[in-house]
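Predicted, not measured: the structure shown is a model, and the values here were computed from it.
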Amino acid sequence: MTDRRLWSYKEIAAHIRVQPDTVRSYRKHGLLPHPDHVEGGRPYWRADTIRAWVANRPGNRGRRS
């Protein structure tokens with residue numbers, strides 16, 4: 001089943017257990033995937049996009065989210 005809910009920095013941060021500013025920094029440094037949607041200048045990612053990114057990001061070996 002596809003999860004197409006849109007997540008902001010806040011939801012991503014909660015999912016990976018960091019502060020929203022950390023997620024903003026990841027984006028600034030090109031470590032996040034491109035946003036799936038931008039509204040009012042604010043980026044949003046589909047939950048599935050972020051889950052796939054988390055599963056494949058470096059240093060994630062053996063970590064469960």
*Could you go through the side-chain contact (heavy atoms from CB on, under 4.5 Å) check for Ile12 and Val54 one step at a time?*
CA-CA 10 Å; Ile12 295 169; Val54 168; over 6 Å; no
_Run Arg5 and Trp45 through side-chain contact (heavy atoms from CB on, under 4.5 Å) and show every step you take._
CA-CA 8 Å; Arg5 289 178 293 162; Trp45 294 261; over 6 Å; no
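Expressed to the nearest 0.5 Å, how far NE2 of His37 lies from CZ of Arg46 amounts to 9.5 Å. If you take CZ on Arg57 and OH on Tyr26, they are separated by 4.5 Å, rounding to the nearest 0.5 Å. Of the inter-residue distances, the one linking Gln19 atom CD with Arg24 atom CZ reads 10.0 Å to the nearest 0.5 angstrom.
When all heavy atoms are compared, the tightest approach of Pro33 to Thr49 is CG-CG2, 3.8 Å. Taking all atoms of both residues into account, the shortest heavy-atom contact from Pro20 to Ala13 is N-CB, 3.6 Å.
With sequence neighbours left out, Arg27 forms a salt bridge (Lys or Arg N to Asp or Glu O under 4.0 Å) with no residue at all. Listed by chain and number, the residues in a side chain to side chain donor-acceptor pair (under 3.5 Å) with Ser25 are His29 (sequence neighbours excluded).
Using modelled atom types, one side-chain atom of Trp53 and one backbone atom of Leu31 make a donor-acceptor pair closer than 3.5 Å.
Looking at Ser8 and Glu11, their side chains do bring a donor and an acceptor atom within 3.5 Å of each other.
Hydrophobic clustering, defined by side-chain heavy atoms of Ile, Leu, Val, Met, Phe, Trp and Tyr closer than 4.5 Å, groups Leu6 together with Tyr44.
His34 NE2: 12 or fewer foreign heavy atoms inside a 6.0 Å radius.
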